[in-house]
> 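Quick one: this structure, given as structure tokens, is what I'll be asking you about.
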Amino acid sequence: MEFACSHVVCNWRPEGDVDRLETGSALKANVNVVSLAVGKLVAVGTAAVGVETSYGGPETSYGGPVLCGKCGAALSGVSAVAGNVWRCEFCGWTNGVDGDGGAVRGRGRRRRRGDDLYLPTQSDDDYQNLEDTMAVFCVDVSGSMSVTAEVAPGGGSTVHKSRLEGVQDALRGALESMRLHTPHRRVAVVTFNDQVVLYGDGTRPPRTLQDWSLLDYDHIWQQGASYSVPHCIAETFPHLTQRVSELQEHGATALGPAVLVSVAMASRYPGSKVIVCTDGKANIGLGELEQTPSTSPLPPYFYRQLALQAVDRGVIISVLSFQGSDCRLADVGGLADATGGRVNVVSVGTVATEIQSISEDSVVATGVRATVLSAEGVFFPYEDGDAHRLDRHIGNVTSGQEVTFQFAVKPEAMDDFLRRDGLPFQLQLSFRTRDGQSVTRVVTEQRPLATSSQIVASRLNMAVLGVHCAQLCATLTMSGRVAEAQRQLKARQDLLEQVGKVRPMEKEESIYSNWMDTMTIICEDINTESQPLSDEAAKVVYQMKRASSVNYNHKTGTGRKT
């Protein structure tokens, strides 16, 4: 856990009318922000039990943590145990502790930070090596994919190439790269226009879905789940490249059924990917959008249901649309947002680079769930409820992924907190590792407290604050809370300006400023809370939701003002 502020600020108020930084400026932005580098936290090996790594990593043991009977906090090296009694530092509940808790408390009752990794007592029966995964390319071959654009291959003279030809070139390159670097990977191709065609690995007769079958959710899922399991790319490369080269564009756009059947195919291998390339609005079958109003901030039920099913099966969906098209990316992109995939708008000339990059993304863990606890009297703004416990189902995690949240102290608890030495915070992560093991990691930390008048602006961690601002404002915008997003942006921009007055602006902080400017432009262009986002705006908002201080420039593409 990385905190934006060295101390917990007890007296922060959203109005900012009573709080001051050391500079004397109003503190309207909440600086009680925490960043979880989830991609790093779940990237664990099988360290020897009871051994702490040289870089201060987790101490490992078998079994599960000892949990408080009231709030579910885990006994850790930060906990104080007297005899066989543990008084929970988060809720005050008295718990009896048997011999199983002795190793934990014996490691360091006086530490201010604990990091514990709990491995299963034995290998799971359903062991699955996540290296054995599948990539399903779900390709639009509707009539609009014949639209051409000028490209300059290799920097030479320009030629006209259709969108489908650009995708075909991109797929041939991605297949060749996988054949060379990941020859054991399974790859399948699915196409869609007014039909959905399952080519699989190209070695068997294709299966076609059309007419009524494009409207039956369970039937489509069964067709994908029962289709022949692809062989590895080393064996199927020539067959797949031949199938890709033969594709032709015509007809309508049955995007929804195609993504559904692709997810069903990939669901047999947790950690698999579905990469969707499209240039048009779904207009036939399940998930049809042309006749569906776009005034709701929530995507249609079909896409919400499919996203939940993909998360449950450990499938990551990425969505690519083409410049100049309208595929209602705000709705379709929700599939990627929920499953940990990417959303982007590409051109004929850039589609190959993006497909290659998505293909190389490594899945670190699946089924990731996070629980964050603090003492009673703390709450988490913009989360459900006002409890001191926050639960999030993160799902699939790729390297470099970060999750941020903010917390605050309830007014009635402030005086009591300021008399304490510090406040406890605990992160509980449960997930499945790359080698298929169910693992729990518990990170616990004590943080000192202060009032906002004691906070030094120059010592704020602007990386954490910047990423959180991008993620929060993008989430608010996508859910239709544009006015609140604008308020948050203004508060964060004011804070960045205050920091800039007391110390030189770092390069990364100028990037965060650009993020804020970009989100401000998007919010100002939305006239009503129900106005749908354009595909270009939706792309930026979805990328902001996955902003990261590690890979802000390479992965999200939001390192530049757009």
> Any side-chain to backbone donor/acceptor pair from Gln428 onto Gly72? Under 3.5 Å, distance only.
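At least one qualifying donor-acceptor pair exists.
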> Indicate yes or no: at least one non-hydrogen side-chain atom of Lys410 is less than 4.5 angstrom from one of Val378.
no
> For a salt bridge (charged side-chain N to carboxylate O under 4.0 Å, His left out) check, start with the C-alpha distance between Glu376 and Lys70, then their side-chain angles and the critical distance, and finish with the verdict.
CA-CA 12 Å; Glu376 290 184 334; Lys70 181 180 179 182; 3.7 Å; yes
> Before giving the answer on side chain to side chain contact (heavy atoms under 4.5 Å, CB included), spell out for Cys469 and Leu489 the whole-Å C-alpha distance, their side-chain angles and the decisive distance to 0.1 Å.
CA-CA 7 Å; Cys469 177; Leu489 283 166; 4.1 Å; yes
> Pair Gln543, Asn344 - check side chain to side chain contact (heavy atoms under 4.5 Å, CB included), show working.
CA-CA 8 Å; Gln543 291 177 344; Asn344 209 345; 3.6 Å; yes
> Indicate yes or no: at least one non-hydrogen side-chain atom of Leu495 is less than 4.5 angstrom from one of Leu460.
yes
> What pairs of residues pass the ring pair (Phe, Tyr, Trp, His ring centres under 6.0 Å) test when at least one of them lies in residues 425-457, not counting sequence neighbours?
Phe3-Phe425, Phe407-Phe425
> For Val343 and Asp337, what are the C-alpha separation, side-chain angles and deciding distance, and is it a side chain to side chain contact (heavy atoms under 4.5 Å, CB included)?
CA-CA 8 Å; Val343 177; Asp337 182 52; 5.7 Å; no
> A side-chain contact here means heavy atoms from C-beta on lying under 4.5 Å apart; do Arg342 and Thr398 qualify?
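Side chain of Arg342 against side chain of Thr398, heavy atoms only: no contact under 4.5 Å found.
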> Determine whether Leu373 and Cys71 make a side-chain contact, defined as any pair of heavy atoms from C-beta on separated by less than 4.5 Å.
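They are in side-chain contact.
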> Looking at Val276, Val190, Val187, which hits side chain to side chain contact (heavy atoms under 4.5 Å, CB included) with Phe137?
Val187
> Looking only at non-hydrogen atoms, find the nearest pair between Tyr512 and Val467 and report the distance.
CE2-CG2, 4.5 Å
> Whether the side chain of Asn84 engages the backbone of Gly96 through a donor-acceptor N/O pair (distance < 3.5 Å, no angle test) should be reported.
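Not a single qualifying donor-acceptor pair exists.
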> Taking Asn30's backbone N and O only, do any of them form a donor-acceptor pair with Arg492's side chain (distance below 3.5 Å, no angle check)?
yes
> Got Tyr542 and Met478 here, is their nearest side-chain heavy-atom distance under 4.5 Å?
yes
> With a 3.5 Å distance limit and no angle check, can you tell me whether Ser267 reaches the backbone of Ala264 through a side-chain donor-acceptor pair?
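A pair under 3.5 Å: yes.
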> Test Thr404 against Leu472 for side chain to side chain contact (heavy atoms under 4.5 Å, CB included), laying out the working first.
CA-CA 8 Å; Thr404 65; Leu472 173 62; over 6 Å; no
> Treating Arg441 as the side-chain partner and Leu41 as the backbone partner, does any N or O pair qualify as donor plus acceptor under 3.5 Å?
yes
> Tell me, do Val259 and Tyr303 make a side-chain contact under 4.5 Å, heavy atoms counted?
no
> Can you see which heavy atom on Leu449 is nearest to which on Gly422, and at what distance?
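So the two residues come closest at CD1-CA, 3.2 Å.
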> Using side-chain heavy atoms (C-beta onward) and a distance below 4.5 Å, is Asp312 in contact with Gln309?
no
> Is there side-chain contact between Leu320 and Ile358, with at least one heavy-atom pair below 4.5 Å?
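Yes - at least one pair of side-chain heavy atoms lies under 4.5 Å apart.
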> Check this for me: Arg420, atom CZ, are more than 12 non-hydrogen atoms of other residues, nucleotides or ligands nearer than 6.0 Å?
yes
> Closest approach of Trp93 and Gly69, non-hydrogen atoms and distance?
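It is CD1-N, 4.2 Å.
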> Checking Gln471 side chain against Glu402 main chain: does a donor-acceptor pair fall under 3.5 Å?
yes
